[in-house]
Amino acid sequence: MDNLSGNLRLLYQILFRAYGRQYWWPGATPFEVMVGAVLTQNTSWSNVERAIRNLDAAQCLTAPAIIAAHPTTLGALLRPVGYFNVKARRIQNFCRWYIARGELLAQFPTVDLRRELLAINGIGPETADDILLYALNRPVFVIDAYTRRLGTRLGILRGDENYEKLRALFETELTPDVALYQEYHALIVRHGKDICRKKHPRCNLCVLQANCPHNL
DNA sequence: GCCCAGGTGTTTC
DNA sequence: GAAACACATGGG
């Protein structure tokens, strides 16, 4: 576990060389990014895109419209993302907070925003950090299942660390750089989608480096 | 037909 | 407190 800083930086370089820039988050506006962050919970992004198109087509891609919509109507638009009844409630909860915060949002300190986001029913640590990093451009490192899996397979992590522990790990070892955090998380997800778990059950480096021990 | 996906909240032991 | 369960669609 020594020289972790070096490991995390090296991993970033390897991923960047393998995949290049990812142009994340896919979303036209910050608000759309926030909505997408809630909708993508345990759901593939292609399904989220359908739901966002539905919202847009129904003139329902604004916070006031989402709040005003009947939960059943909203649920029908969200059908493609799965858990649509749950997520209808969740984005309404989020939008009520978003409206209440109003223009002052951009000026709030990151720690305060994070605490408030986590207090919303339906916003957990990953969703909160997606919103902070990709919609509000705050230097918060996003941890997800791909991050855990990759770190575990590379032997950098044990795998059972809790969310805050992992976030602290990355944020301590990397300089607080929004562009770096945005790109790093995007690369981890890209790699996670790219590798086939059945072909590479043990090691994620195989597909990145020809000199990985498993390829020798 | 079965497993998984850019999680989170509630219920149960 | 941890562990199990509920939420639900679309793609491989």
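In this text the structure is predicted, and so the values were computed from the model without any measurement. Within every chain, numbering begins at 1; the chains are lettered A, B, ... in the order of the sequence lines, protein sequences first and strands thereafter.
- One atom, CZ of A/Arg90, and another, C1' of B/dT8, lie 4 Å apart when rounded to the nearest Å.
- Comparing the P positions of B/dT10 and C/dA8 gives an interatomic distance of 14 Å, to the nearest angstrom.
- Atom CD in A/Gln41 sits roughly 12 Å away from atom P in C/dA8 (whole-Å rounding).
- Of the candidate nucleotides B/dT8, C/dT9, C/dG11, C/dT9 has the atom lying nearest to any side-chain atom of A/Asn47.
- In this structure, A/Tyr146 atom OH and B/dA5 atom P are separated by 6 Å, rounded to whole Å.
- Contact detail for A/Glu126 and A/Val142: the closest heavy-atom pair is CG-CG1, 3.9 Å.
- Backbone-only engagement by A/Ile120 is indicated by non-hydrogen atom pairs under 4.0 Å involving sugar-phosphate atoms exclusively.
- Computed from coordinates, the A/Glu49 CD to B/dA5 C1' distance equals 14 Å when rounded to whole Å.
- The CG-C1' distance, from A/Asp130 to B/dG7, rounds to 10 Å in whole Å.
- Rounded to an integer number of Å, the gap from CZ of A/Arg79 to P of C/dC7 is 14 Å.
- Taking side-chain N and O atoms only, A/Thr127 has a distance below 4.0 Å to OP1 or OP2 of B/dT8.
- In this structure, A/Asn162 places its CG atom 14 Å from P of C/dG1, rounding to the nearest Å.
- Counting only N and O atoms by type, the side chains of A/Tyr134 and A/Asp129 include no donor and acceptor under 3.5 Å apart.
- The side chain to side chain contact (heavy atoms under 4.5 Å, CB included) check on A/Phe170 picks up A/Leu8, A/Phe141, A/Ile143, A/Thr147, A/Leu174, A/Tyr184, with sequence neighbours excluded.
- At a threshold of 4.5 Å between non-hydrogen side-chain atoms, the residues A/Val86 and A/Arg90 count as touching.
- A/Asp144 comes within contact range of the sugar-phosphate backbone alone, with a heavy-atom separation under 4.0 Å but no base atom that close.
- Counting non-hydrogen atoms under 4.0 angstrom, A/Val189 reaches a base of the nucleic acid.
- Which of C/dT9, B/dA5, B/dT8 sits closest to the side chain of A/Ser44 comes down to B/dA5.
- You'll find that the side chain of A/Asn121 is closest to B/dT10, out of B/dT10, B/dG7, C/dG10.
- The shortest distance between the side-chain N/O atoms of A/Asn42 and the OP1/OP2 oxygens of C/dC7 is not below 4.0 Å.
- Across the P atoms, B/dC3 and C/dC5 are found 15 Å apart, a figure rounded to whole Å.
- A/Arg50 comes within 4.0 angstrom of the backbone, heavy atoms only, and of no base.
- If A/Pro26 and A/Ile123 are placed on DNA chain B by their nearest nucleotide, the residue sitting closer to the 5' end is A/Pro26.
- Between A/Lys193 atom NZ and C/dG10 atom C1' the separation is 14 Å, expressed in whole Å.
- Using a 4.5 Å cut-off on side-chain heavy atoms (C-beta onward), A/Pro71 and A/Asn85 make no contact.
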